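These numbers come from a predicted model, not from an experiment. Count residues from 1 along the sequence.
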Amino acid sequence: MPSQKDHSSPSENSAHSQSAQNALEAAGVDSAALHYSPNPDFDNGRWFPTWRPYKGDLDRDPVGINDYLPPSKSILLGVQHTFAMFGATVLAPLLMGFDPNLAILMSGICTVMFFMITGGRMPSYLGSSFAFIGPVIAVTAYAGAGFNDNLNVALGGIMACGIIYALIGLLVMKTGTGWIERLMPPVVTGAIVMIIGLNLAPVTIQGVSANQFDAWMATLTVLLISGVAVFTRGMLRRLLLLVGLVLSYIAYFVMTNIMGFGTAIDFSSVAAASWFGLPSIHTPRFEMSAIVLIAPVAFILVAENLGHFKAVEGMTKARVTPYMGRAFFADGLATTFSAGFGGTGVTTYAENIGVMAVTKVYSTTIFVVAGLVAILLGLSPKFGAIIQTIPAALLGGASIVVFGLIAVAGVKIWIDNHIDFSKNSNLIIAAVTVIMGTGNFSLHLGGFDLGGIGTATLAAILLNALFNQGSEAKAARQSLAK
């Protein structure tokens, strides 16, 4: 069990002055966490929290991490999370030459595994990580179409990355999260979360701009999802992505298959697919050249997931930071497990965090349902074929909404932590990070391509260390001593 000892232990009624809190923020301490109300059901000292049935009003009250909804609602919300992750979880393996059905199956298994290892305290879905795409393509010389003939070599590198990531998780469980939070305080993590959404925006827009029909259908999808989010109430509002995609799918079918506009949906693959079948398993091969290029992705995943977990903490107002070591360890172990059978490396999904941001349903039991649905999809080629009939324009429209919510979640981290942008240090850290990440500015370390998100993350950490770890850290210690 990770250490419960961290820098945010003073209570809301502490006598520290506002200047002391400002100094703590400057040193990377999450002072907003000081105002979180204690939850004895969540922080009960046991591996799992104390589960309780949700008794609030879905129109008004959020669903807490350790709340659970009736089975019917849980299933619908779980299916929505499966839809939210599906596009990216399938796209990543296709870009690397992996089996997308196996990736779906592994994402479901790994999500359930993540729930068990974290004790149900971290609402997250584990899907295919895009951080591996560049290194895998570099290692395997993948041409971009069909099956990747050098897949086994890449799998060995991904397994090594997962092991390193899991070891980092064990270190955090032993030492606490203070050193990570000093490296990546809210001004840094907020920027990282923001660029994760903004960095994906150009690819999303290009994907729905191939022709005007697709562009209009993507726009219709955005409007339908947004309309469900704004004009409906209760359970219907919580299912905005699922309902919006179903409505846009029906509209697309009518426009193409019936009226003859655009490219019709082809159901031949659905008819040909079997109801049940196991995807092909692949055996990793360990080569040092591949490990050297792929293993450093572990540090990108740490930064990425730290931002995700901070976003979750800000949304839920629950102290999930003490359990971050579990989450890193679980994600690393899941990545190793997935690659061991031929799947992609996995990571917590910002898409599903975006869904939580708009639905206000944070229950981790929903993610177990989503994982089980993904397992069924991965074991059923027919269901997989049905999902794959969703036109790219509709997935692109949904991505516009979800990636936008991710970017706004980064801003929310800044707001919740009262980041002072009148300070030039915070202003420069945020400005440089956001532009680097959004513009996909990439540096190479030897043969390793950091990518836009990785480069921006490294820049944010270095700038923070340069500007905020000296005199301000000393001021924070002096304030705590008073």
Side-chain angles (χ1 to χ4, degrees), residues 85 88-114 116-117 126-170 277-302 304-305 328-349 371 374-375 377-379 384 445-451 454:
M85 68 84 194
T89 294
V90 168
L91 179 60
L94 289 175
L95 294 175
M96 295 184 287
F98 285 51
D99 181 356
N101 237 44
L102 181 59
I104 289 289
L105 174 62
M106 286 296 123
S107 76
I109 294 173
C110 290
T111 297
V112 176
M113 182 188 301
F114 184 87
M116 298 301 294
I117 296 174
L126 298 191
S128 303
S129 172
F130 278 69
F132 290 97
I133 294 176
V136 166
I137 291 175
V139 164
T140 61
Y142 179 58
F147 178 72
N148 191 332
D149 293 328
N150 296 318
L151 174 66
N152 295 352
V153 177
L155 294 175
I158 295 173
M159 286 192 72
C161 174
I163 292 170
I164 292 172
Y165 190 16
L167 291 174
I168 293 173
L170 289 175
L278 289 171
S280 300
I281 304 299
H282 302 278
T283 305
R285 187 167 78 246
F286 297 93
E287 293 186 4
M288 186 55 65
S289 58
I291 292 174
V292 168
L293 284 176
I294 297 177
V297 172
F299 299 99
I300 296 176
L301 295 178
V302 168
E304 178 184 40
N305 286 312
F328 290 155
F329 175 73
D331 194 6
L333 201 63
T335 291
T336 306
F337 176 85
S338 176
F341 290 92
T344 61
V346 295
T347 185
T348 57
Y349 251 33
I375 291 171
L377 288 174
L379 292 174
L445 294 177
F448 179 65
D449 184 359
L450 285 174

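- Every residue two or more places apart in sequence or in another chain that forms a side chain to side chain contact (heavy atoms under 4.5 Å, CB included) with L333 is listed here: I117, F329.
- Here the shortest heavy-atom pairing between A154 and F98 reads CB-CZ, 4.5 Å.
- Applying the side chain to side chain donor-acceptor pair (under 3.5 Å) definition to pairs two or more places apart or across chains, those involving residues 158-168 are Y165-N305, Y165-D331.
- Closest heavy-atom contact between S107 and I104: OG-O, 2.7 Å.
- Scanning all heavy atoms of the two residues, the minimum distance from A160 to I291 falls at CB-CG2, 3.8 Å.
- Judged as a side chain to side chain donor-acceptor pair (under 3.5 Å), and not counting sequence neighbours, T335 has no contacts.
- Applying the side chain to side chain contact (heavy atoms under 4.5 Å, CB included) test to F341 and every residue at least two apart in sequence or in another chain returns M106, I281, F337.
- Scanning all heavy atoms of the two residues, the minimum distance from A103 to P93 falls at CB-CG, 3.6 Å.
- F132 approaches G345 most closely through the heavy-atom pair CE1-CA, 3.6 Å.
- Inter-residue side-chain proximity for V139 and N150 is flagged as unmet; no heavy-atom pair is nearer than 4.5 Å.
- Across all non-hydrogen atoms, the minimal contact from A334 to L126 is CB-CD1, 3.7 Å.
- A339 meets the side chain to side chain contact (heavy atoms under 4.5 Å, CB included) test with L155, I158, M159; sequence neighbours excluded.
- Listed by chain and number, the residues in a ring-ring contact (aromatic ring centres under 6.0 Å, His included) with F114 amount to none (sequence neighbours excluded).
- For residues 284-293, the salt bridge (charged side-chain N to carboxylate O under 4.0 Å, His left out) pairs, not counting sequence neighbours, are R285-E287.
- In this structure, the side chain to side chain contact (heavy atoms under 4.5 Å, CB included) partners of I375, at least two apart in sequence or on a different chain, are L105, I109, L372, L379.
- Partners of T140 according to the side chain to side chain donor-acceptor pair (under 3.5 Å) rule, which considers only residues two or more places apart in sequence or in another chain, are N148.
- In terms of the side chain to side chain donor-acceptor pair (under 3.5 Å) criterion, residue partners of T344 (sequence neighbours excluded) are, by chain and number, S128.
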